[in-house]
> 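Here it is, the structure in full.
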Amino acid sequence: MSETTTSETAAPDSAPRVTVERDGHVLLIGLNRPDKRNAADAAMLEQLALAYGELDRDPELRVGVVFAHGDHFTGGLDLADIVPRIGPEGLAMVPAGGVHPWGMDGSRVSKPVVLAVQGTCLTLGIELALASDIVVAADDTVFAQLEVARAILPFGGATTRFAAAAGWGNAMRWMLTGDRFDAAEAYRMGLVQEVVAPGAQRARARELAGRIAAQAPLAVQATLANARLAVREGHAAAEAMLPRELVRLAQSKDAAIGMQAFLTRTEPEFVGR
């Protein structure tokens, strides 16, 4: 939710709420409403879901980087735009061809997502971090899960993921008070994986994404899927899948490429087959 009206460099009303740019096997996804501190209105939510859908479907794309234009990652939801759209079944925000960025409909993007945050990162920004796989934060980032101060509850995954990531007491400390915390506290809790100088977060996220994209994509996706299965359905369910996944991957062209690279001591160039 947004509690800011401070203006920055304004994007034209006709500008996309989310920018999408391909960089090799990496999809760069940028929140693009800097004049509103990237507060998410319906258009931004839908465009973000479509960007995740593109990442998920395209076999040439191996990893996504989500960042924000301007000085702030997000001020949260634009309540004036969103609240009137909440119906009996909640908020519809995933158009045809999209994938829910927060995974709250049971679906998840099948490729890794690296998040880069800075400035203000409120509510749904924290929840997007919890739904992502690696998070890089500028050391000036200020976080808050402040829904209780607005008489609602987090509905983008914090109630189920924050405690799993940070521990029960840590999650309740911040979710039940709505207090703000800094990047050092986010790192201590495991909410973010790296803290960097302001302005360096996007480049570092892109660097990590490049390292992921250089690995065998089928193996990366299988590793991600099995880890998520363990979280969602338990260790036994994930362990039961391991033998067949190992056989599938061992029979892939990338496995042969990897073995050849090992034998010749060269860098493998995986093809995703």
Side-chain angles (χ1 to χ4, degrees), residues 18-31 48 50-69 73 99 101 103 107-118 128-138 165 187 190-231 238 241-273:
V18 174
T19 62
V20 178
E21 178 186 357
R22 290 167 177 258
D23 182 6
H25 294 299
V26 177
L27 190 66
L28 303 173
I29 302 170
L31 307 184
L48 187 60
L50 289 172
Y52 271 60
E54 181 178 348
L55 172 62
D56 192 64
R57 285 189 306 275
D58 192 328
E60 291 301 311
L61 294 172
R62 300 181 180 179
V63 57
V65 171
V66 178
F67 67 97
H69 297 280
F73 185 72
V99 171
S107 66
R108 296 289 295 274
V109 63
S110 61
K111 319 284 179 65
V113 173
V114 183
L115 201 69
V117 301
Q118 79 277 0
L128 195 58
L130 290 166
S132 299
D133 303 297
I134 301 173
V135 183
V136 179
Y187 178 78
L191 182 64
V192 308
Q193 284 62 64
E194 292 191 14
V195 178
V196 298
Q201 68 281 347
R202 179 178 173 184
R204 179 55 179 155
R206 176 63 187 86
E207 182 180 2
L208 289 168
R211 289 288 301 130
I212 296 169
Q215 312 311 311
L218 297 181
V220 167
Q221 292 161 36
T223 300
L224 184 64
N226 197 263
R228 287 176 175 171
L229 181 62
V231 170
M241 288 293 295
L242 290 175
R244 76 178 73 169
E245 284 295 273
L246 180 59
V247 170
R248 180 178 70 87
L249 294 173
Q251 295 173 341
S252 69
K253 184 172 183 179
D254 277 347
I257 291 171
M259 179 57 69
Q260 182 65 22
F262 172 75
L263 294 173
T264 59
R265 298 188 179 184
T266 58
E267 287 296 320
E269 293 189 11
F270 295 112
V271 295
R273 299 193 298 276

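Keep in mind it's a predicted model, so treat the numbers as computed, not measured.
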> Identify the heavy atoms of Ala129 and Val135 that sit nearest to each other, and give their distance.
O-CG2, 3.7 Å

> At what distance, to the nearest 0.5 angstrom, does CZ of Phe73 lie from CG of Leu128?
5.0 Å

> Could you tell me whether the side chain of Gln260 and the main chain of Gly258 form a donor-acceptor pair under 3.5 Å?
no

> Quick one: NE2 on His25 to CD on Gln215, what's the gap to the nearest 0.5 Å?
12.0 Å

> Check step by step if side chain to side chain contact (heavy atoms under 4.5 Å, CB included) holds for Ile212 and Ile134.
CA-CA 11 Å; Ile212 296 169; Ile134 301 173; 3.9 Å; yes

> Do side-chain atoms of Glu54 reach the backbone of Leu50 as a donor and acceptor pair under 3.5 angstrom?
no

> Closest heavy-atom contact between Phe270 and Arg62?
O-NH2, 2.8 Å

> Charged N to carboxylate O under 4.0 angstrom, Arg228 versus Asp133?
yes

> Closest heavy-atom contact between Gln201 and Ala138?
OE1-CB, 3.4 Å

> Can you find a pair of side-chain heavy atoms, one from Asp254 and one from Pro217, that are under 4.5 Å apart?
yes

> Locate the shortest heavy-atom distance separating Pro101 from Leu48; write the atom from each residue and the value.
CG-CG, 3.7 Å

> Does Val65 form a side chain to side chain contact (heavy atoms under 4.5 Å, CB included) with Val26? I'd like the steps, not just the answer.
CA-CA 7 Å; Val65 171; Val26 177; 3.9 Å; yes

> Hey, does the side chain of Lys111 reach the backbone of Leu61 with a donor-acceptor pair shorter than 3.5 angstrom?
yes

> Atom CG of Leu218 and atom CD of Gln251: how far apart are they, to the nearest 0.5 Å?
12.5 Å

> Where is the tightest heavy-atom contact between Val63 and Ala213, given as atom of each residue plus distance?
CG1-CB, 3.9 Å

> Taking atom CD of Glu194 and atom OH of Tyr187, what is their separation to the nearest 0.5 Å?
8.0 Å

> For the atom pair CZ (Arg273) and CD1 (Ile257), what is the distance rounded to the nearest 0.5 Å?
7.5 Å

> Show your reasoning for whether side chain to side chain contact (heavy atoms under 4.5 Å, CB included) applies to Arg204 and Leu208.
CA-CA 6 Å; Arg204 179 55 179 155; Leu208 289 168; 3.5 Å; yes

> Over all heavy atoms of both residues, which pair between Phe67 and Thr19 is shortest? Give the atoms and the distance, please.
CZ-OG1, 4.3 Å

> For Gln193 and Val136, what are the C-alpha separation, side-chain angles and deciding distance, and is it a side chain to side chain contact (heavy atoms under 4.5 Å, CB included)?
CA-CA 6 Å; Gln193 284 62 64; Val136 179; over 6 Å; no

> How long is the span from the CG atom in Leu246 to the CG atom in Asn226, to the nearest 0.5 Å?
11.0 Å

